[in-house]
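Notes follow once the structure below has been shown.
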Amino acid sequence: MAVKPKVTNGSTTLGPAANEKDAEKLRFIEDMTMNTDAVQERVLAEILSRNAETEYLKRYKLDGATDRETFKAKLPVVTYEDLQPDIQRIANGDRSPILSSHPISEFLTSSGTSAGERKLMPTIREELDRRQLLYSLLTPVMNLYVPGLDKGKGLYFLFIKSESKTPSGLPARPVLTSYYKSEHFKSRPYDPFNVYTSPNEAILCTDSFQSMYAQMLCGLLQRLDVLRVGAVFASGLLRAIRFLQLNWEQLAADISSGTLTKQITDPAIREAVTQQLQPDPELARFITKECSKGDWACIITRIWPNTKYLDVIVTGAMAQYIPTLEYYSGGLPMACTMYASSECYFGLNLRPMCSPSEVSYTIMPMMGYFEFIPLDADGTMCNGAQTQLVDLAHVEVGKEYELVITTYSGLNRYRVGDILRVTGFHNCAPQFQFIRRKNVLLSIESDKTDEAELQKAVTKASELIKSYNATVVEYTSHASTKSIPGHYVIYWELLIKKDKTKNGKSGTIPTELLDKCCLEMEESLNTVYRQSRVADCSIGPLEIRVVRPGTFEELMDYAISRGASINQYKVPRCVNFPPILELLDSRVVSTHFSPGLPKWTPTRSN
Ligand code: AMP
């Protein structure tokens, strides 16, 4: 039986709501989290009954069953690769109900890749409502912790990416591009707690320079109104700071003269920004004073002094940016509000002002049906785990799990690839710490490079030096975020045989050839990496650091001195531990950067 939330005067176990509208949303959260298991049962039954006639459920002979037992007994746990043939048919124009009984409205292109291309996630129109519902819960929760957000604005750096069409003419684009372009976002009703400094026209421009320029300019013009500064991920906010470092002179000039630089050619942006822009030499002088010092510490609070917190995700791969953000913001709190993916939006952080190391997300049971593959302490699957998935309400505190979802759009028992640890419960809803993405070695922003992709890239690039009788005997990697944008650093130990090669080349490899190896590696990396390099400029040129012979043996000695077993030692393909990085860096004999941009086009190769 459903448990009713106890609510008196707009106060829930979450705290007293800021206003009646918030109270309703908080009651909703309480209702969902008190009845987690019942809601999950209802969601599964809804999904299975509406999709009963789909080819997929028929294939597994569900015969209209909507209960958990039959569902778990008959449907396999799958990965993207298992579904790809079905997804490809939909992309090619097959309109029959393959995965979902509702028409597929578009494809969401995940930042996770398969065979080098973004995964294509079919979605249905009503999912936008579900995403909107989750977004609508964020402000009422934030208002519990930060009063007065209706007295100012949010400076959010939000961007869309270019989109393509599937052979059947459906759009294929990232989930946020889909959301920002939707009427849900564009025609959102005025909410004093959610006013942005960025005009929609700036957010909706695919040219990342023009979009960023306009958003920064509007943020500067309204600097005293700004109460929070944010982006989706930490990497996006750091790009904005870098942009300010590179463009403050032009921005100040525009503000001083009250005219918009000719570099902004998008007519919609020009019109939206010009309305706000008037000559303000005093503001221009202020920006010049703050930015010309060459000291960027606390730049966020210097320019936007009323900022109460940063609204950015710094969990998972983004944790690497925390120290840099602390430096630029003078230690402002960082609120990680939401956990979501292209496949499904999962949940929210009910204590958004907690420290990044304590962030836990409460998966909201109405968003989809959630199951969990139990993992052993070493992160591997428990015996029989594939067959014994645990339901949302029954996960155990302290344990780690891999997330498996069933969605209204037609994914059934789909492995997302995220590893989560249960930290506690809010009512009956578990709260999860994001631990990591499975198989991801390197990530700067939304790119995810796994071990196999890195291996392929090294193999491809090392072909170029073969004619010098040289081979890459060992390698490892590191996502360097010391400078923004961050970039991949690949450490290479080379073996160069002294005897002359057939074509008479001796053993010294020209430096330009090693530079070319960097580009060759980039060419081989997946489309998200290349898009970030080419279109978004959010990843810098790949760097190869050649280390002197014997370095990787020293690395092994170091690991063994710290207790590694000599029999089981494997070269780590990615290193983050500072003493190891120091050791590697102290052995570098030459460094090389990619001399150009890899090839990338918005069109998919499959
Ligand atoms: P995409 O499908 O490209 O939207 O990427 C979704 C993935 O981003 C998720 O499956 C997670 O791996 C990661 N992600 C999303 N939200 C968070 C978060 N709050 N903290 C850490 N990682 C996240």
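Counting starts at 1 for both ligands and their atoms, in listed order. Just so it is clear, the values below take in all heavy atoms, side chains as well, and ignore hydrogens, waters and symmetry mates.
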Pair Glu445-Ser532, side-chain hydrogen bond (donor to acceptor under 3.5 Å, both in side chains): steps then yes or no: CA-CA 8 Å; Glu445 51 132 46; Ser532 303; 3.0 Å; yes
Residue and atom name of the nearest protein heavy atom (relative to atom 10 (O) of ligand 1), distance in Å to one decimal: Asp418 OD2, 2.7 Å
4.0 Å heavy-atom contact, Tyr361 with ligand 1: yes
Within 45° cone of Tyr345 ring axis and under 6.0 Å: Arg131 NZ or CZ: yes
Residue of the set Phe346, Tyr361, Phe372, Tyr401 for which ring pair (Phe, Tyr, Trp, His ring centres under 6.0 Å) holds with Phe432: Phe372
Steps toward ring-ring contact (aromatic ring centres under 6.0 Å, His included) verdict (Phe209, Phe243): CA-CA 9 Å; Phe209 176 86; Phe243 188 90; 5.4 Å; yes
Selected option - heavy-atom contact closest to atom 14 (N) of ligand 1, from Gly316, Gly417, Ala340, Ser110: Ala340
Polar atom proximity, Tyr339 to ligand 1 (N or O, under 3.5 Å): no
Any N/O pair Met338/ligand 1 closer than 3.5 Å: yes
Shortest protein heavy-atom distance from atom 7 (C) of ligand 1, along with the residue and atom involved: Arg437 NH1, 3.8 Å
Distance filter under 4.0 Å to Ile313 heavy atoms, resulting ligand 1 atoms: 18 (C), 19 (N), 20 (N)
Salt bridge flag under 4.0 Å for residues Lys456 and Glu453: no
Stacked cation flag Arg413 on Phe71, 6.0 angstrom / 45 deg: yes
Stepwise side-chain contact (heavy atoms from CB on, under 4.5 Å) test for Glu30 and Thr13: CA-CA 8 Å; Glu30 294 292 54; Thr13 59; 2.2 Å; yes
Nearest-neighbour protein heavy atom for atom 6 (C) of ligand 1, which is reported as residue plus atom name and distance: Ser341 CB, 3.5 Å
Atom 1 (P) of ligand 1: nearest protein contact (heavy atom, Å): Ser342 OG, 3.4 Å
Side chain, backbone, both or neither: the part of Val416 lying under 4.0 Å from ligand 1 by heavy atom: side chain
Nearest protein heavy atom with distance in Å, relative to atom 3 (O) of ligand 1: Ser111 OG, 2.5 Å
Contacts of Tyr179 that satisfy ring-ring contact (aromatic ring centres under 6.0 Å, His included) - sequence neighbours left out: Tyr135, Phe185
Nearest-option assignment for atom 18 (C) of ligand 1, heavy atoms, candidates Thr315, Thr109, Leu420: Thr315
